[in-house]
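Report on the following structure.
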Amino acid sequence: MTVLIKGGTIVTADQTYRADILCTDGKIRSIGENLDAPTGTRTVDAGGQYVMPGGIDPHTHMQLPFMGTVAIEDFFTGTAAGLAGGTTMIMDFVIPDPQQSIMEAYMQWREWAEKSVADYAFHVAITWWDDTVSADMETLVKEHGVNSFKHFMAYKGAIMADDEILVNSFSRAGELGAIVTVHAENGDLVYRLQQKIFDMGITGPEGHPLSRPPEVEGEAANRAIRIAEVLGVPIYIVHNSCRQSLEAITRARNEGQRVYGEVLASHLLIDDSVYRNTDFDIAAAHVMSPPFRPKEHQSALWHGLQSGNLQTTATDHCCFCADQKGAGKDDFRMIPNGTAGIENRLEVLWHHGVSSGRLTMNEFVAVTSTNAAKIFNIYPRKGTIAVGADADIVVWDPEATKTISAKTHKQNIDYNIFEGMEVKGCASHTLSQGKIVYADGELDVERGAGNYIEKPPFAAYYDALRKRAEQKRPTAVNR
Ligand code: DUC
Ligand code: ZN
Ligand code: ZN
């Protein structure tokens with residue numbers, strides 16, 4: 001398919017300019033004024049609209065087996081919902097059970113993801129440790145395009161990585177030229193607090209945030225950052241929800257450490273009052289970890305994005321319906337953790353970020369697409385509008401308005417955490433691999449059309465690190 005996007009204003013992370021874009025064979029072939037199109041070309045009229053790189057959501061969990069159930073949004077429905085909101089690529093997580101071969105788990109997730117309608121990549125979680133895990137990490141980096149390993153510092157007794165696992169895995173990731181990522185919450189503290197709160201008779205969803213205060217997140221973020229510092233490995237902290245973890249990141253970045261931080265659109269916009277809703281289904285629908293926080297944390301997180309100490313936005317899209325959440329009716333510890341948002345991330349961030357003056361349009365592109373592509377080393381194939389880049393593009397109508405609702409969303413979940421939010425600025429068209437897959441409210445997707453995107457290791461970062469280490473090594477002269 002050849003597609004001409006005509007008359008729009010291109011917005012990338014560093015430029016805003018008027019030009020047409022011609023896409024063929026999945027790539028951006030030319031960019032210029034008044035481009036001619038070969039016969040048979042489909043034209044998208046982008047007059048009065050912005051043309052931006054498609055969103056990259058670096059944090060999703062499609063069809064994740066978790067807490068005794070399975071997230072009901074699968075790779076097909078989830079990537080389709082993403083396209084409807086202008087997100088053209090996801091990075092999902094392979095999460096092996098403890099003692100399960102990580103290679104076997106990776107193959108399982110690859111198979112599940114074959115039905116994706118948009119491009120995808122994987123982070124692989126390290127949930128246990130032995131020599132086979134170490135060897136499989138090497139195979140994943142060298143033969144399968146995995147350059148990021150995830151560690152859950154929470155979920156004690158299940159997938160939690162303790163300090164010994166963190167040290168072993170971070171060290172191995174460094175040898176392989178990979179980046180490490182963490183879910184930062186002190187799992188031992190969470191476990192203790194959950195027990196205490198439950199024993200006090202607080203059994204409903206309001207117990208969830210009480211058992212995971214910001215301090216447990218700040219402590220874990222700081223610990224992971226310092227372990228990464230000692231071992232000389234770059235680190236990415238997922239879903240920062242509070243001032244404490246942002247401060248840990250900011251401090252380390254000010255010291256020159258390669259530390260990156262992600263924030264969820266939901267943590268920027270939703271506060272902890274949702275857990276005090278007396279309707280169990282509504283309160284439980286918001287149970288995710290880390291939990292939503294008191295409002296003052298939202299301002300801190302916006303400031304983190306504005307200052308560049310947080311670089312990416314994500315959703316942690318992980319869908320459980322009311323009947324699944326009901327498993328924790330009498331015990332908040334049993335409520336499956338997860339909320340949705342892949343379809344709405346761009347529009348809520350545009351409305352509350354760009355329209356409110358918190359972010360420029362270019363910063364919006366950076367935090368929804370470009371920075372994730374750069375941090376995970378797939379730039380400029382993804383994350384920008386440039387000749388030769390993948391034709392993953394969103395045409396954005398800044399005048400379109402909508403009221404977000406579970407009644408109309410395409411996500412496979414019975415609740416929308418942004419229910420009733422009115423937004424101005426929405427995707428009018430989405431192109432994935434140069435094909436128009438979403439236009440004026442309708443999806444036109446093909447099961448299995450999504451490609452697996454390999455993420456190469458970080459040669460440049462590790463070269464720089466080696467040079468620094470050599471310079472610091474004592475010699476006969478300066479000893
Ligand atoms: N947090 C969630 O809320 N769901 C999935 C995993 C996670 O860390
Ligand atoms: Zn997490
Ligand atoms: Zn997650």
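For ligands, and for the atoms within them, numbers begin at 1 and follow the listed sequence.
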Interfacing atoms of ligand 1 (cut-off 4.0 Å, heavy-atom, F152): 8 (O)
Distance-only polar pair, side chains of H183 and H239, donor-acceptor under 3.5 Å: yes
Of F149, F152, F170, the residue whose pairing with I126 passes side chain to side chain contact (heavy atoms under 4.5 Å, CB included): F149
Identity and separation of the nearest protein heavy atom to atom 7 (C) of ligand 1: Y155 OH, 3.3 Å
Parallel, tilted or perpendicular, as decided by the 30° and 60° cut-offs, for the rings of F376 and Y236: perpendicular
Ligand 1 N/O within reach of H61 N/O, cut-off under 3.5 Å: no
Close-contact set for ligand 1 against M288 heavy atoms, below 4.0 Å: 3 (O)
Contact check: H61 to the Zn ion (ligand 3), N/O/S below 2.8 Å: yes
N, O or S atom of H59 closer to the Zn ion (ligand 3) than 2.8 Å: yes
Interatomic distance, N344 atom CG to I404 atom CD1 [nearest 0.5 angstrom]: 4.0 Å
Sub-4.0 Å atoms of ligand 1 with respect to non-hydrogen atoms of G338: 3 (O), 4 (N)
For the Zn ion (ligand 2): the N/O/S atom of H183 at shortest distance: ND1
Closest protein heavy atom (residue, atom, distance) for atom 4 (N) of ligand 1: N337 O, 2.9 Å
Passing candidate, side chain to side chain contact (heavy atoms under 4.5 Å, CB included) with S241, options S266, P214, P290: P290
Heavy-atom pair with the smallest gap, counting every atom of L268 and L301: CD2-CB, 3.6 Å
Nearest protein heavy atom with distance in Å, relative to atom 3 (O) of ligand 1: S289 N, 2.9 Å
S169-H151 side chain donor-acceptor pair, cut-off 3.5 Å: yes
Identity of the N, O or S atom of D316 lying closest to the Zn ion (ligand 3): OD1
R226 and E255 ion-paired at < 4.0 Å: yes
Lys/Arg-Asp/Glu bridge criterion (N-O < 4.0 Å) met for K156, D162: no
For atom 8 (O) of ligand 1, closest protein heavy-atom neighbour: H183 ND1, 2.9 Å
Residue portion contacting ligand 1 (non-hydrogen atoms closer than 4.0 Å) for T339: neither
